[in-house]
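Remarks on the structure that follows.
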Amino acid sequence: MSKRYTKDHEWVRMEGDVAIVGISAYAAEQLGDVVYVELPGVNKEIARGADMAVVESAKAASDVYAPIAGSVVEVNEALNEMPQLVNEQAEKDGWFVKLRPTNNTDVLNLMSEAEYAEYVKGLG
Amino acid sequence: MTYETTSGNRGLLQAEPLIFEHGSIARTGVDLAAPKGASRLGALARKAPLPLPGLSEPEAVRHYVRLSQRNYAIDLGLFPLGSCTMKHNPRLNERAARMEGFSDLHPLQPISTTQGALALMHELSHWLLELTGLEAVALSPKAGAHGEFCGMLAIRAALAARGEINKRLRVLVPESAHGTNPATAVACGFIVDEVPATEQGRVDLVAFKAKLGDDVAAIMLTNPNTCGLFEPDVKEIADLIHAAGGYFYCDGANYNALVGRVRPGDLGVDAMHINLHKTFSTPHGGGGPGAGPVVFSKALAPFAPAPKIVTRDGAFELVERAGEGAVGRMCAFHGQMGMYVRALTYMLSHGSDGLRQVAEDAVLNANYLLARLKPHFNAPFGGGEGEHAPCMHEALLDDTRFKAQGVETIDFAKSLLDEGYHPMTTYFPLVVHGAMLIEPTETESKAELDRFADVMIALAKRALGNDSARMKTAPHLAPMRRLDETRAARQPKLRWKPTEAASIAAE
Amino acid sequence: MRYLPLSDGDRAEMLSAIGVESIDDLYADVPKSARREGLVNLPKAQGELAVERHMRALAERNTPAGRTAFFIGAGAYRHHVPASVDHLIQRSEFLTTYTPYQPEIAQGTLQALYEFQTQVVMLTGMEVANASMYDGSTACAEAALMAARVTKRKRIVFSGGIHPHYLETARTHCTPMGLDLVAAAPAIDGETAVCDLVDDDTAAVIVSSPNIFGTVSDLSAIAEKAHARGALLISVFTEAVAFGLIEPPGAYGADIVVGEGQSIGNALSFGGPYVGLFATREKFMRQMPGRLAGETVDADGKRGFVLTLSTREQHIRRDKATSNICTNSGLCSLAFTIHMTLLGAVGLKRLAELNHEAACALADALSSVKGVEILTPRFFSEFAVKLPKRAGDVVEALAARGVLGGVAFERLAPGAGMENVLLVCATETNTEEDVARYAQALREVLG
């Protein structure tokens, strides 16, 4: 399945019954050099739109919201040592969290890749 | 061209390692007599020896003098850091603070032996209340943010006394506010609700009115605001918040523009902290110590924390406990006495007439810089071409004119380092993209301002010309080149550690 | 006015360059009714001589500690500070600079802070330290808040040996955040007893060694019990010199160590400005409040220092900051680090031994006075004594004899039922004559 996006620049990709979540390449570029990612605990239940993680660059810190509701099955431990993965491979190895969705159809309400590209263009 | 040197020194600038790299745990710079008796601590005595290195006095003096030479300072030149009020620090204030009667005084000595200290605190309070037109003062907060916290706690206490603390939790904060305001409101248990700014950089009155309600505790307003502008609707804002049952907290960070000329009490303020290290010239010391006394209106006066000074039969008494319902103790003892001494010395030197002149000259200097720089920079609130929309004590510019060249505010800041200046405040307020906030203060001469304006104009021309690449890699002439802040944050090294080889050798 | 460089001629010229008639035009946004023409109840400008005379007259109405036989501690300590410390902190480049936001022209401040942080780590036996807090009491409050963030719990337990001002300060700072503070009643030797108050909702146990009564304790059992319940151990101190001689809290397994750094490098100054020390474990680094200096390199690869991890701070995190603190206590931390560098391990140990020795001599002298009982079982440089009458009255009577003999515990904690308890302290500044004078005066007062 292809990726889906939120207006807050998170992406979701379903892999079997698990949703992989990260921030978009556009967001990573806007943030600048990422220096730290604060990830949630495994098994944590997160509501849609609730705080899921915090991503810090040298000058800013931003909350990352859960694009869909779910429970955390895995976090990307590699980010602890190499936060630069978020800059280098935002939509691949720079993923944040794997969620088990509360509702499997939630993800379909998000923007498609093409819609997101259009949305970003509109942000100037 | 850069020449490498054998010593690592560069002319007057001496290379200086860390104390851990050239000190020794066997060396000391003090001579103390050997103890005669044995310790009675038994098993509680330290087991491992301390790894702290020491230096002899001449080595220590050189170490810190060499370090000092890598710092910029007000005593070296203009320090136009907006919202920080980097004015001259009179040395008389330092002399006074070091008088034995103030410096060698314990906070818990019997009150009968500290009458002069209490008299001084009383006199300082009188000045602060007269200058601000308010009713009560809490001297003890340790810095501006701490004063802010104290002021908001008083509002919380007043709401609690009214039985409304669980109902009124929303605090209105303009989006242009300094980050401490929302941080403070949250630290006091409130919820922050942002009020947008108008295109003129002022509080959006319509939006503000729409947010009023019986769940609003207060508005936190900086005035003059962070764009360097006086809020013309301030009295209406005060009346409206009062009518809605809330309080008016004023962030006094920019009080230097008003001191001796405008009294916050006349504007309807209920609480305001005063940064003694800004308006009243106590030294910034590389990041503190500051002092942030808070003044209160009649409505909040009963909730001010202890300590308070009262007089009885011609003697001063120290009230060390506030009454029921008031804000609790802000810190151990009685606050920043050393800063009280300096601030009062400054006030007495200026007098009410001199303080008024301080505000006027601070405002005049900022407007003069604004007028000189406006033809070369975008001034978002400086008025159209050929007109002058006045600012208060700081001038706000931005980098929009240099977009095409890719030169940004940070490049101006770092280029100023090469020109021998500390930069202005950059990228704040957040409501202006690429902001440059310039606060010259009243202690700069016209010649100094002209020199600085000439430099800024030359940099603006350079940014537009074909030599702008040099700005992107600045500084070139400062003691260090641009430092890698990303690396520092990704792999934090917050203390010196012995290298493995050295620690083996030590064993 | 000597501090204002503009002349009337300059002012006129500048107004005309701006294009306005008068200064009033620049205050156009200020409502007319709020513009003051003068403030009648305040004096006018004065020259240096007159102001200095005024300040000296105020100073002379105080009795400086050094003019008495002086034995007060309880959170602030009188030590000899080498002359070079004050000389160095008065250098323009340290005194009149700002927080080091432009690291290329602030390496002096930044390197000194980095050295300061390392010294605090070494002194406390911890792993990381910040660039200072306002003072010991606010550092203690911040430690409680940090423990609540780390553990996501709200209950904070204080031992009966915490300085009462520190406890009150913590209440002021923690209660609005919804923390639940539980404090044991004041107790001379009550650190270990605090374990009974720890439960599974406890975020932190806060103990003090030496405590307000001077009692030095082994904290290892407390650390063990706190950790078994998932709580952090916070250890507070008010006299940093003690760690020249006693085992530091880090060695006992403390998670956060906070305290007052005044006693190294800083004058008594009637209670402030002082400097809060704050140290913790590496794993909690990002939850720590306050500024941090860190090592990095510049564009040429040369080692340098910057303020780092600043995204935790209020100017970026706004309503989600770890603390609302902006300013810390820069110049006081500089005084601390310079004095510490002069001392080194050898000097600090020697200084600590002299303080301990002076206190032992004082305890021996006072215990020879009829009716006086030493309450503190194990002390470093201060201890509590029980008097046959109200300690506050004795303090006043001693002061009349030129002896500042301590602090009545009742002044710090009225209503605690310890009216006859006096807190006394000795340092290297006390001579044998001072001690003899104190014992003699106390004999007279207790008659």
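Every chain is numbered from 1, with letters handed out A, B, ... down the list of sequences.
- Proximity to chain B (any heavy atom under 4.5 Å) is restricted, for C:V121, to the side chain, taken from C-beta onward.
- In this structure, chain B has heavy atoms under 4.5 Å from both the backbone and the side chain of C:I338.
- When heavy atoms are compared at a cutoff of 4.5 Å, B:P475 approaches chain C solely by way of its side chain, counted from C-beta outward.
- Between B:D353 and C:K44 there is no salt bridge, since none of the side-chain N atoms of the basic residue sits less than 4.0 Å from a carboxylate O of the acidic one.
- Neither the backbone nor the side chain of B:A97 comes within less than 4.5 Å of any heavy atom of chain C.
- With a threshold of 4.5 angstrom between heavy atoms, C:L351 approaches chain B through its backbone and through its side chain.
- The candidate from B:M339, B:R156, B:E448 with the greatest count of non-hydrogen atom pairs under 4.5 Å with chain C is B:R156.
- Residue contact with chain B, scored on non-hydrogen atoms closer than 4.5 Å, involves the backbone and the side chain of C:A17 alike.
- Between the side chain of B:R482 and the backbone N or O of C:D298 there is no donor-acceptor pair closer than 3.5 Å.
- Of the two parts of C:V30, the backbone and the side chain both hold a non-hydrogen atom closer than 4.5 Å to a non-hydrogen atom of chain B.
- Heavy-atom distances place both the backbone and the side chain of C:I72 under 4.5 Å from chain B.
- By number of non-hydrogen pairs under 4.5 angstrom with chain C, the leading residue of B:P107, B:G351, B:A489, B:G54 is B:P107.
- Within the 4.5 angstrom heavy-atom criterion, only side-chain atoms of C:H163, from C-beta onward, approach chain B.
- Ring-centre distance between B:H422 and C:Y98: not below the 6.0 Å cut-off.
- Both the backbone and the side chain of C:E115 come within contact range of chain B, with heavy atoms under 4.5 Å apart.
- Among B:I19, B:L50, B:T443, the residue making the largest number of heavy-atom pairs under 4.5 Å with chain C is B:I19.
- With respect to the salt-bridge test (charged N to carboxylate O, under 4.0 angstrom), the residues B:K414 and C:E104 qualify.
- In this structure, B:R495 fails the cation-pi test against C:Y114, since its NZ or CZ atom is not both closer than 6.0 Å to the six-membered ring centre and inside 45 degrees of the ring normal.
- The aromatic ring centres of B:H334 and C:H165 sit 6.0 Å or more apart.
- Both the backbone and the side chain of C:L412 come within less than 4.5 Å of a heavy atom in chain B.
- Proximity of a side-chain donor or acceptor of C:T109 to a complementary backbone N or O of B:G286 within less than 3.5 Å is not detected.
- With C:N62 contributing its side chain and B:A117 its backbone, the two residues share a donor-acceptor pair below 3.5 Å.
- Contact of C:F305 with chain B is made through backbone and side chain together, with heavy-atom distances under 4.5 Å.
- Interface remark: of the candidates B:Q109, B:E94, B:E148, B:H388, B:Q109 forms the most heavy-atom pairs closer than 4.5 Å to chain C.
- For B:R356, the part lying near chain C is the side chain, with the backbone staying farther off; criterion is any non-hydrogen pair under 4.5 Å.
- At a threshold of 4.0 Å, the pair B:K142-C:D135 counts as salt-bridged, since one of the basic side-chain nitrogens sits closer than that to a carboxylate oxygen.
- Heavy-atom distances place the side chain of C:V407, and not its backbone, under 4.5 Å from chain B.
- With a 4.5 Å cut-off on non-hydrogen atoms, B:Y368 touches chain C through its backbone and its side chain both.
- Between C:Y3 and B:H350, the ring planes are tilted. Angles from 30° to 60° get that label.
- Both the backbone and the side chain of B:A73 have a heavy atom closer than 4.5 Å to some heavy atom of chain C.
- Between C:T169 and B:R329, the side chains place no donor N or O within less than 3.5 Å of an acceptor N or O (distance only, hydrogens not considered).
- When heavy atoms are compared at a cutoff of 4.5 Å, B:L153 approaches chain C solely by way of its side chain, counted from C-beta outward.
- For B:R321 and C:E168, the salt-bridge test passes: some basic side-chain N is under 4.0 Å from an acidic carboxylate O.
- Judged purely by atom type and a 3.5 angstrom limit, C:T97 has no side-chain atom pairing as donor or acceptor with the backbone of B:N71.
- Remark: B:D266 does not engage C:R35 in a salt bridge, criterion side-chain N to carboxylate O under 4.0 Å.
- You'll find the ring centres of C:F270 and B:H106 outside the 6.0 Å limit.
- Looking at C:M14, both its backbone and its side chain come within 4.5 Å of chain B, counting heavy atoms on both sides.
- Rounded to the nearest 0.5 Å, atoms OG1 (C:T296) and CG (B:L483) are 6.5 Å apart.
- By number of non-hydrogen pairs under 4.5 angstrom with chain C, the leading residue of B:G23, B:C188, B:A96, B:P305 is B:C188.
- Both the backbone and the side chain of B:M330 come within contact range of chain C, with heavy atoms under 4.5 Å apart.
- Of all heavy-atom pairs between C:R91 and B:S68, the closest is NE-OG, 2.8 Å.
- Residue contact with chain B, scored on non-hydrogen atoms closer than 4.5 Å, is absent for C:E428.
- Both the backbone and the side chain of C:R56 come within contact range of chain B, judged by heavy atoms closer than 4.5 Å.
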